[in-house]
2 protein chains.
Amino acid sequence: MVKPTYFVAGESGQWQVEATRAIIGKGLDVAPRLSVMDTDQVILPDSAAWVLRGTAGSARYTTRVELDQLGERQPPLGRATACLAVLIPIRKSELWWSLAQDERRAIIQERSAHFQIGMDYLPAVARRLYHSRDLGEPFDFLTWFEFAEESAPQFEAMLFRLRATEEWRFVEREVEIRLRIWQHG
Amino acid sequence: MVKPTYFVAGESGQWQVEATRAIIGKGLDVAPRLSVMDTDQVILPDSAAWVLRGTAGSARYTTRVELDQLGERQPPLGRATACLAVLIPIRKSELWWSLAQDERRAIIQERSAHFQIGMDYLPAVARRLYHSRDLGEPFDFLTWFEFAEESAPQFEAMLFRLRATEEWRFVEREVEIRLRIWQHG
């Protein structure tokens with residue numbers, strides 16, 4: 001059984017929020033800290049500015065060849081050197097969701113090279129994708145990136161390339177939450 | 001925003017339960033009636049035998065060509081003649097979910113002809129697929145079929161063909177709930 005992960009913005013949590021930016025559409029309220037919790041740990045504080053949920057489910061577009069490449073280069077989350085993180089919640093348009101699987105795959109991989117762009121920054125930038133759409137959440141995906149201070153320029157370059165793709169034209173809401181580790185926990 | 005549909009087995013509801021069969025693995029408790037409710041309508045009765053939720057989300061494997069074929073032949077749910085329905089909750093194995101998208105697609109479409117089997121019984125057997133896995137539910141999918149009394153043999157033939165496919169070897173839990181309309185609601 002797959003269980004959602006909770007991202008809780010508020011007064012406490014292992015991540016310090018350095019910036020909260022609305023990139024496309026409506027933003028999110030600003031809070032000093034962010035807590036990332038598994039379902040079993042969740043105690044929602046009264047003071048939460050917002051709570052987002054997502055499940056790190058199975059790969060929706062990735063092929064076996066790509067999964068194997070990822071497996072070789074992908075670092076785990078929680079590396080001791082990874083003191084920076086960025087949470088990017090995204091919602092795509094109804095037009096996107098009305099496309100067929102092969103049409104979405106063509107835009108993501110063949111025309112937008114989403115997979116290759118991510119690969120180019122491994123193992124520097126660790127990432128995890130959480131699916132939110134089926135949970136009735138305000139965003140479709142929550143993407144989580146983790147990296148060391150010295151890899152920050154690489155992360156920025158990756159983000160710039162992703163946002164320039166055809167795929168990103170279907171993004172109708174995007175928020176960027178910049179984080180720094182408060183305590184390893 | 002996508003909202004889940006609720007299937008509530010209990011003492012009330014627009015469908016009368018004629019049979020509840022465990023096909024693979026653990027079954028579900030027997031109840032006399034089934035109610036199908038949208039999120040906004042849901043008032044869970046104290047007496048519910050069980051509640052299953054799923055979202056009728058976007059197509060995960062279907063190509064544009066297939067979606068267009070479906071669009072031409074697929075009838076709506078709720079036809080006046082469709083007095084029979086079958087709800088089939090399914091869970092697939094961890095092995096299935098560890099496969100890449102192209103591997104799952106190959107099994108579903110190329111080797112198991114899942115799409116073609118469904119097409120062969122349209123418009124007689126209307127169907128809708130609800131996704132449950134990301135909701136942390138005990139099943140991965142809820143499949144709903146609706147048809148007229150005279151189309152029952154066609155439904156049985158379809159079910160027989162689906163269960164004989166390679167795809168079905170990955171099913172580790174399957175229950176069949178046979179329903180008859182109680183009142184059009």
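Here is the naming used below: chain letters follow the sequence lines, and residue numbers restart at 1 for every chain. Since the model is a prediction, treat every value here as computed from it, not as a measurement.
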Arg105(B) vs Gln101(A) side-chain heavy atoms within contact, under 4.5 Å
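Side-chain contact under 4.5 Å: no.
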Under 4.5 Å to a heavy atom of chain A? For Thr62(B) that would be backbone
**Report entry** Per-residue contact mode, Ser98(B) against chain A (heavy atom under 4.5 angstrom)
**Finding:**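 Answer is backbone: N, CA, C or O of Ser98(B) sit under 4.5 Å from chain A.
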Does [X] belong to the same Ile/Leu/Val/Met/Phe/Trp/Tyr cluster as [Y], with side-chain heavy atoms less than 4.5 Å apart forming each link?
X         : Y         : result
Phe155(B) : Leu84(B)  : yes
Trp168(A) : Tyr121(A) : yes
Phe7(A)   : Phe147(A) : no
Leu122(A) : Phe115(A) : yes
Ile90(A)  : Phe170(A) : yes

| message | I need the residue from Thr55(B), Thr63(B), Leu67(B) with the largest number of non-hydrogen atom pairs under 4.5 Å to chain A. | response |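 Greatest number of close heavy-atom pairs with chain A: Thr63(B).
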query: Taking Pro4(B), Ala100(B), Gly54(B), Ser132(B) one by one, which has the highest count of heavy-atom pairs under 4.5 Å against chain A?
result: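 That would be Ala100(B).
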Item to check | For chain B, the option from Arg60(A), Arg53(A), His131(A) that forms the most heavy-atom pairs under 4.5 Å | outcome: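 Top count of heavy-atom pairs under 4.5 Å with chain B: Arg60(A).
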Applying a strict 4.5 Å limit to non-hydrogen atoms, the region of Arg104(A) in contact with chain B is side chain
Exam field: side chain Asp134(A) to backbone Leu135(B), donor-acceptor pair closer than 3.5 Å:
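The answer is no, because no donor-acceptor pair under 3.5 Å joins these two groups.
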